[in-house]
Amino acid sequence: MKRYPLAFAIAASSVSMPAHSASEVKLYGTLDAGYQYLHIKGLGASNGMISGGQGASKFGLRGSEDLGDGLRVNFQLEGGFNAANGKGTPPERGVFGRTTWLGLEGGFGEFRMGRQTLAASAMTDIFSPFGASYRLAGAGSAINSNTTPRADNTLKFITADLGGFQATASYSFDAHLAQNKDGLHPSLLGKDARDRVFSGAASYGGAAWKVAAYYQETSLESRTSTRGMHYDVSPREYGLGGKASFGPATLHAGWAQHRDAYINGVHPNNLGQAAVFRGGLVNGYTLGAAYETGAGKLLGQVQWNAPNRNVRRFGKRAHDQKVYSLGYSHDLSKRTNVYTYVAYLDGAWFDKEWNATQFIVGMQHRF
């Protein structure tokens with residue numbers, strides 16, 4: 001990560017500031033590219049170069065200024081791009097479409113304002129050995145918070161670390177999450193439907209073990225939809241999970257319950273689920289392990305999402321879906337690694353015989 005102290009620019013422009021106003025800006029980023037083979041039953045197979053097989057390709061700026069008396073102003077600006085073709089992602093957003101927030105930090109913790117992840121997303125990555133990445137191999141098919149929802153117009157508070165305990169909460173006035181993209185279309189009423197989202201989480205533990213719990217809910221001004229059918233829904237999600245290390249091995253487990261709808265929509269490429277299940281609930285479970293072997297790490301996980309009897313389509317009750325994942329990552333240096341993994345989706349909610357397979361091999365560099 002390169003550092004560009006703003007003090008040099010300030011000195012060059014002959015602007016004097018108090019000694020405690022030292023500022024710095026850090027440029028950082030990730031380039032992730034590889035090869036993917038994807039087979040979805042009923043749609044066939046595809047293969048080719050992809051970006052973001054392990055984690056999103058991105059670049060950004062982090063900055064801070066020391067205000068004195070234990071206070072700091074922090075900010076982050078982050079944009080995504082496709083390493084395979086150089087185009088920005090998501091394409092409909094500007095240069096810093098992933099993250100834009102400004103915050104104040106002190107002994108009390110940190111307060112942030114702007115576009116950022118929901119509070120729970122920062123803690124649910126411990127539910128899976130794949131964290132919150134690795135596409136279908138990750139835990140997003142079972143735990144929607146692990147799809148890393150990024151919300152507009154969001155206030156977030158993060159407490160200081162209190163002897164291993166930490167809590168965080170966020171409130172979004174108009175989040176524009178994936179779930180609401182299927183919502184009230186401007187052509188119907190000439191305006192957007194706001195989605196107000198609350199998210200809260202707490203964790204306790206350290207490097208060897210940690211547990212976390214969370215709750216989040218969405219309040220939609222109007223209706224949301226899936227496959228052209230509209231429903232009034234109140235999406236809610238809560239869960240519990242953690243990790244524990246035993247020498248080179250680390251075990252991960254998590255559980256989450258989703259009511260009415262997935263707050264951040266269906267995980268990309270998992271066509272075996274539905275975004276909205278009004279009046280129903282879906283329990284999601286993850287169980288996995290990571291094993292370090294020198295510079296390498298083996299990853300394995302089973303996901304299981306189980307809709308209850310109220311999740312139906314045209315009177316047909318939904319079935320369970322399981323996702324099996326196996327992967328390996330090898331560090332070439334502190335900033336570069338190669339990886340490979342395969343994920344197999346067994347069954348769809350409304351088609352027991354449906355399946356999908358995703359195989360990816362790639363490389364990631366961080367600067």
Side-chain angles (χ1 to χ4, degrees), residues 54-55 117-149 161 164-168 199-216 236-259 262-264 266-267 270 272-273 281-293 296-308 311 318-329 339 341-347 349 358:
Q54 177 182 337
T117 58
L118 299 182
S121 297
M123 296 189 175
T124 56
D125 60 341
I126 65 172
F127 292 11
S128 167
F130 293 93
S133 52
Y134 287 92
R135 298 203 172 195
L136 286 176
S141 292
I143 297 174
N144 196 243
S145 176
N146 267 49
T147 59
T148 317
D161 189 319
F165 174 83
Q166 191 167 38
T168 178
S199 179
S203 67
Y204 181 74
W209 64 271
K210 182 176 285 188
V211 293
Y214 74 97
Y215 173 81
Q216 51 193 19
R236 287 156 288 163
E237 178 184 351
Y238 39 89
L240 176 69
K243 66 174 185 176
S245 297
F246 306 90
T250 302
L251 301 180
H252 300 257
W255 162 81
Q257 186 170 101
H258 314 83
R259 292 179 176 267
Y262 284 132
I263 287 178
N264 198 38
V266 176
H267 192 285
N270 189 347
Q273 300 181 2
L281 64 84
V282 178
N283 284 302
Y285 308 90
T286 62
L287 180 63
Y291 189 87
E292 295 184 7
T293 57
K297 182 182 290 188
L298 287 166
L299 308 167
Q301 178 179 261
V302 176
Q303 296 179 71
W304 175 25
N305 58 81
N308 76 345
V311 179
H319 304 288
D320 294 357
Q321 181 192 60
K322 295 182 177 66
V323 183
Y324 305 94
S325 308
L326 184 65
Y328 177 73
S329 175
Y339 61 88
Y341 60 90
V342 61
Y344 177 74
L345 282 69
D346 183 16
W349 286 1
Q358 183 180 60

With a 3.5 Å distance limit and no angle check, can you tell me whether [X] reaches the backbone of [Y] through a side-chain donor-acceptor pair?
X	Y	value
Gln303	Ala142	yes
Gln358	Leu136	yes
His267	Asn144	no
Gln301	Ala137	yes

If you look at every heavy atom in [X] and [Y], which pair is closest and at what distance?
X	Y	value
Ala132	Thr148	CB-OG1, 3.6 Å
Ile126	His252	O-ND1, 3.0 Å
Ala306	Asp320	CA-OD1, 3.4 Å
Gln216	Leu118	OE1-CD1, 3.7 Å
Ser128	Ala139	CB-CB, 3.7 Å
Gly55	Ser133	CA-CB, 4.3 Å

TODO: Examine the side chains of Arg135 and Tyr341 and answer whether a donor and an acceptor come within less than 3.5 Å of each other.
DONE: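 Side chains of Arg135 and Tyr341: no pair found under 3.5 Å.
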TODO: Consider only side-chain N and O atoms of Glu237 and Tyr214, and report whether a donor and an acceptor are under 3.5 Å apart.
DONE: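 Side chains of Glu237 and Tyr214: pair found under 3.5 Å.
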If we only count heavy atoms from C-beta on, is the [X] to [Y] side-chain gap below 4.5 Å?
X	Y	value
Arg236	Tyr215	yes
Ser245	Trp209	no
Tyr328	Leu299	no
Gln321	Leu345	yes

TODO: Decide yes or no on side chain to side chain contact (heavy atoms under 4.5 Å, CB included) for Tyr344 and Val342, but give the supporting numbers first.
DONE: CA-CA 7 Å; Tyr344 177 74; Val342 61; 5.8 Å; no
Task: Test side chain to side chain contact (heavy atoms under 4.5 Å, CB included) applied to Ser329 and Tyr134, step by step - done: CA-CA 11 Å; Ser329 175; Tyr134 287 92; 3.9 Å; yes
TODO: Apply side chain to side chain donor-acceptor pair (under 3.5 Å) to Tyr238 and Arg259, showing your working.
DONE: CA-CA 9 Å; Tyr238 39 89; Arg259 292 179 176 267; 2.9 Å; yes
Expected list for residues 282-291: side-chain donor-acceptor pairs under 3.5 angstrom, two or more places apart:
{"from": "Asn283", "atom 1": "OD1", "to": "Trp255", "atom 2": "NE1", "distance (Å)": "3.1"}
{"from": "Asn283", "atom 1": "OD1", "to": "Gln257", "atom 2": "NE2", "distance (Å)": "2.9"}
{"from": "Thr286", "atom 1": "OG1", "to": "Phe127", "atom 2": "O", "distance (Å)": "2.9"}
{"from": "Thr286", "atom 1": "OG1", "to": "Gly254", "atom 2": "N", "distance (Å)": "3.0"}

- [ ] State yes or no: are the ring centers of Tyr204 and Phe165 separated by less than 6.0 Å?
- [x]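 Centroid distance Tyr204-Phe165: not below 6.0 Å, so no.
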Open item on the list: To the closest 0.5 Å, what do you measure between CG (Asp346) and NE2 (His319)?
Closed with: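 Output value for this atom pair is 12.0 Å.
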- [ ] If the plane angle is over 60° it's perpendicular, under 30° parallel, otherwise tilted; pick one for Tyr262 and Trp349.
- [x]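 Because their plane-to-plane angle lies in the 30° to 60° range, the rings of Tyr262 and Trp349 count as tilted.
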